Every structure is written in C-alpha cells, then in structure tokens.
Participant: 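Take this structure first; my questions come after.
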Protein chains: 2
Amino acid sequence: MPEDPPNSAPAHGPTIYEVARRAGVSIATVSRALRDTGPVAPRTRAKVLAAVEELRFTPSRLGVSLAEGRHAANGIVFPDLSGPYYAEVVLGYEEVASELGRSVIILSARGRSNVRDQVKDLAGRVDGLVVFGHTVDDATVRELMAAGLPVVLLARAPIAGADLVASENIATAGVLTEHLLGHGYRDLTMLGASTGDDIGERWAGVTRALSAHGLTAGPPVPCEFTVDGGLAAGRDLLRRRTRPEAVICADDQVALGMLLAAEELGLDVPGDLAVTGWDDIMAARHARPALSTVRQPMRELGARAARALDELITGARATTRHQTLATELVVRTSCGEHPPQEDL
Amino acid sequence: MPEDPPNSAPAHGPTIYEVARRAGVSIATVSRALRDTGPVAPRTRAKVLAAVEELRFTPSRLGVSLAEGRHAANGIVFPDLSGPYYAEVVLGYEEVASELGRSVIILSARGRSNVRDQVKDLAGRVDGLVVFGHTVDDATVRELMAAGLPVVLLARAPIAGADLVASENIATAGVLTEHLLGHGYRDLTMLGASTGDDIGERWAGVTRALSAHGLTAGPPVPCEFTVDGGLAAGRDLLRRRTRPEAVICADDQVALGMLLAAEELGLDVPGDLAVTGWDDIMAARHARPALSTVRQPMRELGARAARALDELITGARATTRHQTLATELVVRTSCGEHPPQEDL
DNA sequence: TTGTATGCGTTATCAG
DNA sequence: CTGATAACGCATACAA
C-alpha cells in the first residue's frame with residue numbers, strides 16, 4: 001500500500017508521490033521503474049509509466065541532484081566572449097560536456113569586480129570547473145581544489161595539482177619570429193603586454209628566437225586586446241620617431257586594429273610595415289592584406305578541457321595532466337611578399 | 001540547545017548542522033545570522049560568523065534552492081556560437097543575468113538530434129528560459145510554458161503568450177533594398193533561404209520593397225549560414241547564365257563567402273557585382289571591399305531578453321510583451337560606388 | 001531572541 | 001517484487 005506524502009503543498013509539476021498514488025504503488029517503485037534500478041514487475045511498470053504519462057511527470061532536478069549527490073553540470077569561467085576566440089573555445093567545451101550528459105554553466109569575468117564571489121557560487125552548482133585564462137586568482141583556485149572540486153585550467157599559467165590544457169605558444173612564436181627574420185626584418189616589436197598567460201608565453205618565444213640571432217626587442221607595448229585597442233596603440237606606435245619594421249600582435253583583433261592604424265596613416269602593409277596576428281579568427285582571412293597569423297585549435301581546446309574535467313569528476317583519472325595542443329603558422333600576405341623562402 | 005543532525009554522513013563541505021554545533025546554536029539561528037532574515041543577538045551572530053569562518057562553510061546551493069523553491073539560474077538555448085552574432089547575444093544575456101544575480105546555463109542546439117530532451121532537462125534546472133532562434137519546436141515551448149516556466153523568445157517567430165525580443169528586420173530590409181535600387185540595380189537575388197525566423201522577415205522586407213517598384217526577385221537561394229556555405233553557393237550563383245547585379249546575403253558570414261567566390265572567379269565587387277550582408281560583425285568592417293550591411297544591436301538583444309525574463313520570473317510583469325530593437329543600414333563599399341544619393 | 005519541527009523531491013537501503 | 005523510511009542540506013512557520 002502506498003504511503004502518503006509526508007508534507008502537503010505540491011510545488012510546480014507533479015511529484016513522485018502523486019505518480020505513486022495514481023499508479024497505486026510506492027514512490028520507491030516509481031523510482032525503480034523510471035530508472036531501471038531494480039526489479040519491477042512488467043504489469044507494475046506499465047501502471048507507473050501510464051501514470052507518468054498522464055501526469056506529465058518529470059523528476060525534479062533538484063531532488064535528483066540532492067539525492068545523487070551530484071549536479072551533472074560543469075562550470076566554465078572565461079574572460080570574455082566578444083572575440084571569436086573565446087566563443088569558439090566555450091562552444092567546443094559545451095559540445096563535449098553535453099555529449100557527456102552534463103549541462104554547462106557559464107560565467108564571464110569581463111569587467112567584473114566580484115568574480116571571486118561569483119566563482120564560489122558557481123562552484124556550488126557544479127561537479128567540476130574550468131578556469132579559462134586569468135579570470136580567477138590562484139588562491140581562490142587552490143581553495144576550490146582544497147574543497148574537493150575538480151578543476152581544469154585552460155590556456156593559463158599552471159597551478160600545482162590542477163589539470164592544464166593549453167596551446168603550444170613558445171615554439172610556434174619562435175617559428176613566426178624566424179619567418180619574419182627570413183623576410184629580412186630585424187626591428188620587431190611586440191604589441192599587447194601580458195604576462196602569466198598564453199600571450200606571455202608568445203613573447204617568451206619571440207624573445208628567445210631573437211636572442212638566438214643576437215637580436216633583442218623592446219618590452220611588449222601595452223594594448224587592450226580588442227580591435228579598437230590595436231588601433232589606438234597602433235597609431236601611437238606608428239607615430240614614433242623610428243617605426244618598427246614588423247609588429248607582432250598579441251592576437252588577431254589587435255592585429256586588425258594595427259592594420260586599420262596603418263591604413264589611416266597611409267602606410268602600406270606589408271610594404272612599409274609587416275603585421276602578424278595570433279588565433280586565425282575568421283576576420284584574419286578576410287582582412288586586406290590577409291593576415292599572417294598562428295592558428296590554434298580553439299574548439300579542440302574547449303573539447304579537451306571538457307574531457308579532462310570529466311575524467312577528474314568520474315574518477316577515471318586521479319593524477320593531474322598537462323596537455324599542449326599543436327599550433328600552426330599561417331602565412332598570408334601581411335607579413336611580406338611571398339614566396340620568400342622556407343625558414344631556415 | 002542545538003539539536004543534532006537528523007542524519008549521519010556529511011557530504012563534501014561542512015553543513016549548517018556542523019556550524020550550528022560549533023557555534024552552540026541551532027541551525028535556524030545560523031540561517032538567520034547568515035541571511036539576515038530575522039533577529040539575532042550581536043553576540044550570537046559573532047559566534048556564528050566565527051564558526052562559519054573556521055569551518056569555511058558555504059551553504060549548499062542544492063539545499064538553498066530546494067528550500068527556496070527557486071534555482072536562481074536562467075537558461076538559454078541557441079543555434080550556435082561559432083559566428084560572432086550568437087556569441088555576442090549570449091554574452092549580453094549573461095552579463096545582465098549575472099547582474100540580476102542569476103547564473104546562466106547554456107545549451108547549444110547545433111547539430112543536435114535530441115534537443116527536445118535536453119531542453120526539458122534544462123527546464124528543470126532554471127527559473128526561466130530564453131529560446132534563441134528556431135532551436136526548439138513550438139509544441140515543446142508551449143509545453144514548457146504550460147508547465148509554468150517563464151519563456152522569452154529571441155529573434156524568432158512569436159508564440160502566443162510568450163515574450164519576444166527581436167531586431168527590426170522588415171523595414172530595414174526595405175531601406176537596404178531601396179538603397180540598392182538607388183544604385184541602379186534591378187536584378188537582385190537573395191542568398192540563404194530561411195523562413196519563420198528573422199531571415200525570413202528580411203526576405204519579406206526585400207520582396208515588399210521590390211514589389212513597390214513593380215519588381216520581383218526569385219526565391220531565396222538555399223545556402224548554409226557560414227562563410228563556406230556562402231562560398232559554395234556563391235560559386236554556383238555566379239556561374240549561372242545570367243549573373244545577378246546584386247546579391248543580398250542572409251547574414252555577413254554568407255556575404256563574406258560570396259566575396260570569396262567573386263574573387264575566385266575574377267569578378268570585381270562592387271564593379272561587376274554588388275554584395276550586402278547583415279549583422280555587421282567585425283569581419284564585415286575589415287573585408288575588402290568593406291561590406292555594406294545592417295547593424296543590429298547584438299549585445300542589447302541578449303540584455304533585453306535577460307531583463308524581460310527576469311520580469312516574468314519575479315512576477316513584476318504578467319502580461320506578455322514584444323520588443324523590437326532598431327537596426328541600421330551601414331553603407332560601406334561592397335554595394336557600389338559612393339556617394340550616389342540618399343534613398344528616396 | 002532562540003530552538004523545534006517540518007517541508008522541499010528524489011534515491012537507496014533494508015525489511016518484508 | 002514491493003513498501004516504508006532514512007538520508008541529502010537548507011529555510012522557515014511556529015512555539016517557547
């Protein structure tokens with residue numbers, strides 16, 4: 001004989017108690033019938049399913065999560081979504097997470113002062129978290145990890161004990177630099193100061209390659225990482241007493257702004273000035289001159305992070321792992337006339 | 001005297017029971033002290049806060065939601081995130097939702113067969129849902145609404161009883177068409193067949209404007225809404241016996257592909273062929289020729305949807321509302337030589 | 001001002 | 001094969 005609900009007021013949808021009563025069984029049987037988690041007589045199952053159908057019953061996610069002790073949801077906190085880069089990565093993440101049966105809760109850190117609080121709230125809603133870029137301070141990340149939350153770092157500086165997924169930056173920055181040197185440029189400047197993230201690594205790669213040739217460059221020029229930021233910084237840069245021969249931009253958006261600045265000042269690219277970007281976003285291919293850049297597997301970056309996080313959550317893997325995804329120099333026309341030569 | 005937890009095994013973090021015991025008070029007092037929802041003596045409060053601090057207590061979101069009967073989270077299901085358009089809209093949505101103290105759970109419908117099931121799962125995790133584009137069939141949307149879930153439709157065909165936020169399409173499509181006619185083009189073709197969404201509205205606007213001049217156009221040419229889709233369809237289109245004078249593309253990505261196709265075939269834009277887009281994504285400005293297009297307030301679209309949904313959820317508004325956001329023709333060079341004339 | 005008891009909607013254990 | 005009941009973690013009438 002089915003028992004009655006211990007309480008009275010029903011919420012929005014029907015509850016398992018109403019289904020049980022309708023089917024003339026207990027809530028335990030309803031649960032078993034629905035989840036196939038124990039023996040249920042065919043006739044009983046049919047009654048239950050009929051009741052479920054008639055009442056349009058859907059188990060409450062809250063109830064399920066509370067009982068199961070898991071959210072079946074992942075979080076991701078990212079710097080922004082305005083450029084194509086971040087959006088693509090998040091999309092790749094959502095796609096895989098969804099395949100793995102996990103919802104994804106997003107949190108943008110863009111111009112947010114209370115990221116820390118928001119991240120902690122987010123942490124309470126998920127079974128695991130991806131921290132994309134330098135959106136959360138190390139102390140907070142460590143705190144979350146200490147509380148037992150699986151964390152995967154994405155495209156940022158490592159933290160001991162946390163998984164990491166990132167693109168290769170240093171070596172390809174070297175390849176890019178060599179290519180520029182192959183064009184004959186000697187005076188290179190880096191546009192877009194940053195440190196501790198992937199951009200910092202790019203500058204490290206550039207610097208290393210230059211010094212291998214006995215060359216040096218000034219410190220990266222500060223610049224907001226947007227088209228307008230590149231435009232503004234580009235104007236300043238091109239008005240200096242001595243103009244650089246080549247500008248290596250932190251990413252494609254900055255490079256696009258740089259192109260605009262050059263055009264404004266009547267400078268020819270690549271005739272008067274070489275420009276390169278990083279990411280290979282759609283606009284890079286369509287810009288004139290078409291932008292030489294470095295392609296990184298944005299979608300795959302997110303996908304890998306999702307898989308790594310899942311392994312951590314399910315316990316399929318306990319040790320931390322660092323994954324580095326290959327990147328590729330894409331030579332178009334903004335870096336100089338071609339065909340020049342294969343790099344040495 | 002504080003009571004003991006009714007059960008034994010603690011979960012991950014400390015629970016309110018442990019805090020209560022540590023502070024020597026009841027769980028009710030802990031809750032009141034933390035939420036400021038009732039009288040608590042200063043001394044008592046201090047004890048509670050101290051215990052919270054020592055134990056690093058964070059209330060379980062699940063417990064809170066279950067007790068409060070709300071998720072403090074919104075959902076959004078969108079078609080894709082790969083183009084800049086959708087990403088911008090989602091970002092605008094997240095930004096406002098976050099300001100309103102609500103997390104956002106995303107669901108991409110891209111190439112998903114089981115969207116219906118996923119949406120129903122999502123519905124169980126949120127207090128309200130934004131349906132962006134034609135990602136969910138009307139029946140399902142109605143079902144969710146019938147179950148009491150607040151729903152806001154975004155950039156898609158209306159459903160009775162549901163809020164709607166969309167960009168103005170028809171009138172601006174007319175303005176665009178008039179502009180093209182002003183250039184002297186008479187043979188226009190629409191690239192990117194679609195119906196029941198904003199693109200369908202654009203075609204309606206174009207058709208209406210043409211017929212006002214006694215002109216007609218063939219039906220929209222089918223085309224995938226990506227750069228590659230535009231490229232492929234563009235190749236076919238330009239190899240036809242009679243080439244159109246102007247191609248109105250469904251969106252900027254398609255137009256960018258069209259530009260590529262023209263270049264491939266050695267055609268000059270706008271000399272041999274005029275091309276227009278829609279959305280004004282970043283690449284439109286950087287393409288050569290720079291793309292004439294229609295700017296729509298992508299971020300604002302998402303922001304409005306978030307606010308509308310919040311009103312519905314909080315009950316601040318009970319009646320449904322349709323909002324149409326203004327759009328603007330952006331004339332650059334892909335549609336012809338300028339200055340020609342102001343439209344009549 | 002504080003504590004008790006109960007509700008929120010499931011799942012799972014353990015008798016029967 | 002099925003039912004009663006204890007978790008899960010918190011909020012909140014209501015009583016004291």
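Bear in mind the structure is a predicted one, so any value in this text is a computation, not a measurement. Chain letters run A, B, ... following the sequence lines, proteins first and then strands; every chain starts at 1.
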Participant: Send over the distance from E68(B) CD to dT12(D) P, rounded to a whole Å.
Facilitator: 6 Å
Participant: To the nearest Å, give me how far apart CG (D36(B)) and P (dT12(D)) are.
Facilitator: 12 Å
Participant: For the side chain of I16(A), counting heavy atoms from C-beta on, which of dG9(D), dT11(C), dT12(D) is nearest?
Facilitator: dT11(C)
Participant: Within a strict 4.5 Å, meaning less than it, do heavy atoms of the L153(A) and V165(A) side chains meet?
Facilitator: no
Participant: Are any of S26(B)'s side-chain N or O atoms less than 4.0 Å away from OP1 or OP2 of dG3(C)?
Facilitator: yes
Participant: If you look at every strand shown and take non-hydrogen atoms under 4.0 Å, does V40(A) touch a base, only sugar-phosphate, or nothing?
Facilitator: sugar-phosphate
Participant: From the options dA13(D), dA11(D), dG9(C), select the nucleotide whose nearest atom is closest to the side chain of R32(B).
Facilitator: dA13(D)
Participant: Is the count of non-hydrogen atoms from other residues, nucleotides or ligands lying under 6.0 Å from R317(A) atom CZ greater than 12?
Facilitator: yes
Participant: Is a donor from one side chain sitting under 3.5 angstrom from an acceptor on the other, for T140(A) and R116(A)?
Facilitator: yes
Participant: By nearest heavy atom, map G63(B) and P42(B) onto DNA chain C; which one lands nearer the 5' end?
Facilitator: P42(B)
Participant: Rounded to the nearest 0.5 Å, how far does CD1 of I106(A) lie from CG of L91(B)?
Facilitator: 8.0 Å
Participant: So what does R35(A) touch, heavy atoms closer than 4.0 Å: a base, only the sugar-phosphate, or nothing?
Facilitator: sugar-phosphate
Participant: Check every strand shown and say whether P39(B) touches a base, only sugar-phosphate, or nothing at a heavy-atom separation below 4.0 Å.
Facilitator: base
Participant: Could you tell me the separation between the OH atom of Y17(B) and the P atom of dA7(D), rounded to a whole number of Å?
Facilitator: 11 Å
Participant: With respect to the side chain of I27(B), which nucleotide from dA5(C), dC8(D), dG3(C) is positioned closest?
Facilitator: dA5(C)
Participant: From M298(A) CE over to Y86(A) OH, what is the distance, rounded to the nearest 0.5 angstrom?
Facilitator: 12.0 Å
Participant: Side chain of P59(B) only, heavy atoms from C-beta on: which candidate in dG3(D), dT11(C), dC10(D) is closest?
Facilitator: dC10(D)
Participant: Which part of the nucleic acid does S60(B) contact within heavy-atom distance under 4.0 Å: base, sugar-phosphate only, or nothing?
Facilitator: sugar-phosphate
Participant: Grab the CZ-C1' distance between R21(A) and dG3(D) for me, whole Å please.
Facilitator: 16 Å
Participant: What is the separation between atom CG on L66(A) and atom C1' on dT11(C), rounded to the nearest whole Å?
Facilitator: 10 Å
Participant: Once you round it to whole Å, what is the distance between P of dT2(D) and CZ of R43(A)?
Facilitator: 10 Å
Participant: Rounded to whole Å, please give me the gap between NE2 in H71(B) and P in dC10(D).
Facilitator: 17 Å
Participant: Any side-chain N or O of T29(B) below 4.0 angstrom from OP1/OP2 of dG3(C)?
Facilitator: yes
Participant: What is the separation between atom CZ on R70(A) and atom P on dT11(C), rounded to the nearest whole Å?
Facilitator: 12 Å
Participant: Report yes if at least one side-chain N or O of T15(B) is closer than 4.0 Å to OP1 or OP2 of dG9(D); otherwise report no.
Facilitator: no
